[in-house]
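Residue numbering restarts at 1 for every chain, and letters A, B, ... go by the order of the sequence lines.
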Amino acid sequence: MDFQLPDGTTLSLPGGATGADAAAAIGPGLARAALAVKVDGEVRDLARPLAGGDGATPTLEVITERSGADALALIRHDTAHVLATAVMELYPGVKISIGPPIEDGFYYDFDFPDGTHLSDSDFERIEQRMREHIAAGEPFVREDIPAAQARQRFAAEHQDYKVQLIDDIVRDQYADSVSLYTNGPFTDLCRGPHGPATDRIKTFKLQSVAGAYWRGDANNKMLTRVYGTAFFSGKELDEHLERLEEARARDHRRLGPQLGLFMLSELAPGGPLWLPNGMVIWNELTALWREENAVRGYREVKTPILYDVELFKTSGHWEGFREHMYFTEVEGRTMGLKPMNCPAHIQLFKNERRSYRDLPIRFSEQGLVHRHEPGGTLHGLLRVRHITQDDAHIFCTEEQIPAEVNRCLDFGQAIYDHFGFEPRVELSTRPDKRIGSEEMWDRAETALIDALTQRHVEYRVAEGEGTFYGPKIDLHMTDSIGRSWQLGTVQLDYVMPERFALTYTGADNEEHRPVMIHRALMGSFERFIGILIEHYAGEFPLWLAPVQVTVLPIADRHVGYGSSVRELLANAGVRVELDERTESIARKIRDAELRKIPYMLVVGDRELETGQASLREHRGGDRGSVAVDDFAARVVEEARTRAHSE
RNA sequence: GCCGACGUAGCUCAGCUGGUAGAGCACUUCACUCGUAAUGAAGGGGUCCGGGGUUCGAGUCCCCGCGUCGGCUCCA
């Protein structure tokens, strides 16, 4: 058998040779360092015979500690097995399910006997036992056995989840055998691959315990999931933990209140209360949003938040969204807070007869909607119940869809470019439960795909994730701790126009049904600002900075001059403060730095004489003297152009 | 909604096995008038999330509720 090595050379091995043989043939050092081999992109155990390629020479790479993601995934998977080993020993009667490696670590899901609750205070004991198994250097031994035999074995051990998994493998993959891995006293159903032995795990840490539904289905039993991570060195682990710590420092839930942007109250769960500094950012974004909408042919509207429930019966929200809505009785009528703006915008559309000449009609609204999101899902500004959307609805003909979708994506690009965002794009296609003809779906999906390919954007296809009324394009961003949140969405809707019997008069003088496009780009102001806070780590570019300049007098006798400096800047339209406190200049600077104010103007005897100010930039240090009016002009210009921060 | 953890001064947190609350920062006052990341001193400030229970006695133990955090599910 011939294999091509990463350096381009060819390695010839006798038939039946294993991965370990391959590593040994290359060199004794590599043989010792080898964890696994990667043949044509597939990672395989060292002990397994190498499969010959059919035709072309397969590539072969020996996986060692230096192989990056492949190597880490391997030992993290190994560590998950060791975790299960320890838990099985310490908690008799526990049922195991699955334990894969994931980004940055691994987890294992357990079903503990009734009455046993795991918490992170149990980690020490478990870790201790895990270390014993690692020190013992127990080899991972693979065996392929008939599925029926494996099933019998796990059934005898009352490992119900494993039995279910085997049944599924047999049913879905028509497999007649499955693989088992044994390390020390523990045998798991597992497709592998694994490292040679447990002592190749150099350092690991159990991190958290959480609930997770069996097979991710809320109808199933909730299992106990233990998260952990593993590395090849303590240094790498420490660096990883340090990164997590740094990410936490960017967390908008920490920075927001710290910088006086917003607060959260127990009395208004899911409803952030905006402080003056936060409103500055909110209003700047609103101004941007308004400008961008206006140049793109949107007409701004404003609609109530409270409606007779009849509206939602027509729209379908009563049937499909009721449990997420708030209702109240007023004078014997049931009223509901709108969870979306579309029914309201439809009222506006219906306000007059529409001609094909009027289309497309684009309504935009900074629309306030309320959704009763489940308590366990609320998350600072990123998941709220009180949602202010940068919403818009476009009513158009079917022929106009491609152009309008493209305009929406252009618009999104323009918005995101202001912040240097590069959202991930996702196309959601027809779900199983849907309405409308296949032709309609074909056309709608084609329109969206065309728009995306035309723009050369990379996108992921989420099969079957579309709404029941149409496909959609979603734009996602990641928060400081790696969680993905949807910002923008562009959705085609054929259903609402139907339910509300919307029509326009065509060139043929017949009534036709328009199509609606639901579109939000920032998503919600709450979520967008949350992402912004983390994106900038609280260090906002000048145009968004709640306080742009602070004037710092050296001593009390300079307050008068400082006051005139402030005046000049304020008159020029700069958001400026004067620190009049009787404090040392070092103290005033420190406080301004902690507040992340972009510019500081120090004024003392020298500046008073020359009529200037000493400029200091946030994180940039002393920038020397500036003429105050020049500086004011510069700041105004920087804010006007909405320049990025450096 | 589900699983687990947590909830003490405005903020960050301490408070051992139950004996009636403490630090730093912030705040107020006084002194200092200062040149690029914390001047010093004194003082004020607490329904220990809420409600029940156990106990002679609960911040501490138990139950229920609310909120928050980490996940899971959901996310038109």
Output side-chain donor-acceptor pairs under 3.5 Å for residues 515-522 of chain A, partner residues at least two apart or in another chain, one line each.
from, atom 1, to, atom 2, distance (Å)
A:H518, ND1, A:H393, NE2, 3.2
A:H518, NE2, A:D493, OD2, 2.7
A:R519, NH1, A:Y298, OH, 3.2
A:R519, NH2, A:D390, O, 3.1

For [X] and [N], give me the distance from atom [atom1] to atom [atom2], rounded to whole Å.
{"X": "A:L378", "N": "B:G1", "atom1": "CG", "atom2": "C1'", "value": "11 Å"}
{"X": "A:E373", "N": "B:G67", "atom1": "CD", "atom2": "C1'", "value": "17 Å"}
{"X": "A:L382", "N": "B:C74", "atom1": "CG", "atom2": "P", "value": "19 Å"}
{"X": "A:L267", "N": "B:C66", "atom1": "CG", "atom2": "C1'", "value": "10 Å"}
{"X": "A:L264", "N": "B:C49", "atom1": "CG", "atom2": "P", "value": "19 Å"}
{"X": "A:Y107", "N": "B:C72", "atom1": "OH", "atom2": "P", "value": "9 Å"}
{"X": "A:Q258", "N": "B:G10", "atom1": "CD", "atom2": "C1'", "value": "13 Å"}
{"X": "A:E593", "N": "B:A38", "atom1": "CD", "atom2": "C1'", "value": "13 Å"}

Can you check the distance between [N] and [M], where both ends of the measurement are the [atom1] atom (answer in whole Å)?
{"N": "B:G70", "M": "B:G65", "atom1": "P", "result": "23 Å"}
{"N": "B:G10", "M": "B:A26", "atom1": "P", "result": "16 Å"}
{"N": "B:C75", "M": "B:G4", "atom1": "C1'", "result": "23 Å"}

Between [options], spot the one nearest the side chain of [X], thanks.
{"X": "A:P269", "options": "B:G35, B:A37, B:U68", "value": "B:U68"}
{"X": "A:R616", "options": "B:G70, B:C72, B:U36", "value": "B:U36"}
{"X": "A:R587", "options": "B:A26, B:G1, B:G67", "value": "B:A26"}

Could you tell me whether the phosphate oxygens of [N], OP1 or OP2, come under 4.0 Å of any side-chain nitrogen or oxygen in [X]?
{"X": "A:R383", "N": "B:C74", "answer": "no"}
{"X": "A:R483", "N": "B:G70", "answer": "yes"}
{"X": "A:H372", "N": "B:C75", "answer": "no"}

message: Whether A:E463 and A:R430 form a salt bridge (side-chain N of Lys/Arg under 4.0 Å from carboxylate O of Asp/Glu) is what I want to check.
response: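 Salt bridge: no.
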Set of residues satisfying salt bridge (Lys or Arg N to Asp or Glu O under 4.0 Å) with respect to [X], sequence neighbours excluded:
{"X": "A:R322", "value": "none"}
{"X": "A:R129", "value": "A:E89, A:E132"}
{"X": "A:R595", "value": "A:E577"}
{"X": "A:E103", "value": "none"}

query: Looking across every strand, which nucleic acid part, if any, lies under 4.0 Å from A:K588 by heavy atom: base, sugar-phosphate, or nothing?
result: nothing
Which base sits across from [N] as a Watson-Crick or G-U pair, both distances under 3.5 Å?
{"N": "B:C6", "answer": "B:G67"}
{"N": "B:U60", "answer": "none"}
{"N": "B:C72", "answer": "B:G1"}
{"N": "B:U39", "answer": "B:A31"}

field: Base B:G35 to side chain A:E607, donor-acceptor N/O within 3.5 Å cut-off
entry: yes
message: Between the base of B:A38 and the side chain of A:R590, is one N or O donor paired with an acceptor at under 3.5 angstrom?
response: yes
- prompt: Listed by chain and number, what are the side chain to side chain donor-acceptor pair (under 3.5 Å) partners of A:E426, not counting sequence neighbours?
  reply: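 Scan of A:E426 (side chain to side chain donor-acceptor pair (under 3.5 Å), adjacent residues dropped) gives A:R460.
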query: What pairs with A:W214 under side chain to side chain donor-acceptor pair (under 3.5 Å), at least two apart in sequence or on another chain?
result: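 Per chain and number, A:W214 pairs via side chain to side chain donor-acceptor pair (under 3.5 Å) with A:Q164.
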N/O donor-acceptor pairs under 3.5 Å from side chains in residues 254-279 of chain A, not counting sequence neighbours:
from, atom 1, to, atom 2, distance (Å)
A:R254, NE, A:R248, O, 3.4
A:S265, OG, A:L267, N, 2.9
A:N277, ND2, A:L259, O, 3.1

Quiz: residues 363-371 of chain A side-chain donor-acceptor pairs under 3.5 angstrom, not counting sequence neighbours:
from, atom 1, to, atom 2, distance (Å)
A:E365, OE1, A:T303, OG1, 2.8
A:E365, OE1, A:H345, NE2, 2.7
A:E365, OE2, A:T303, N, 2.8
A:E365, OE2, A:T303, OG1, 3.1
A:Q366, NE2, A:T286, OG1, 2.9
A:H370, NE2, A:H386, ND1, 3.3
A:R371, NE, A:P339, O, 2.9
A:R371, NH2, A:P339, O, 3.2

Please list each protein N or O that sits under 3.5 Å from an N or O in nucleotides 31-34 of chain B, with the distance.
from, atom 1, to, atom 2, distance (Å)
B:U33, O2, A:D556, N, 3.0
B:U33, N3, A:D556, OD2, 2.6
B:U33, O4, A:D556, OD2, 2.8
B:C34, OP2, A:R557, NH1, 3.2
B:C34, OP2, A:R557, NH2, 3.2

Below 3.5 Å is the cut-off: list the nitrogen or oxygen pairs between protein and nucleotides 40-48 of chain B, distance only.
none

Which pairs, protein N/O on one side and nucleotides 2-5 of chain B N/O on the other, fall under 3.5 Å?
from, atom 1, to, atom 2, distance (Å)
B:C2, O4', A:Y213, OH, 3.4
B:C3, O2, A:G211, N, 3.0
B:G4, OP1, A:H117, ND1, 2.7

- prompt: So, for A:F631 and A:Y599, is the gap between ring centers shorter than 6.0 Å?
  reply: yes
task: Enter the distance from A:F540:CZ to A:K596:NZ here, rounded to the nearest 0.5 Å.
output: 9.5 Å
- request: Applying salt bridge (Lys or Arg N to Asp or Glu O under 4.0 Å) between A:D111 and each of A:K221, A:K162, A:K95, report the one that passes.
  value: A:K221
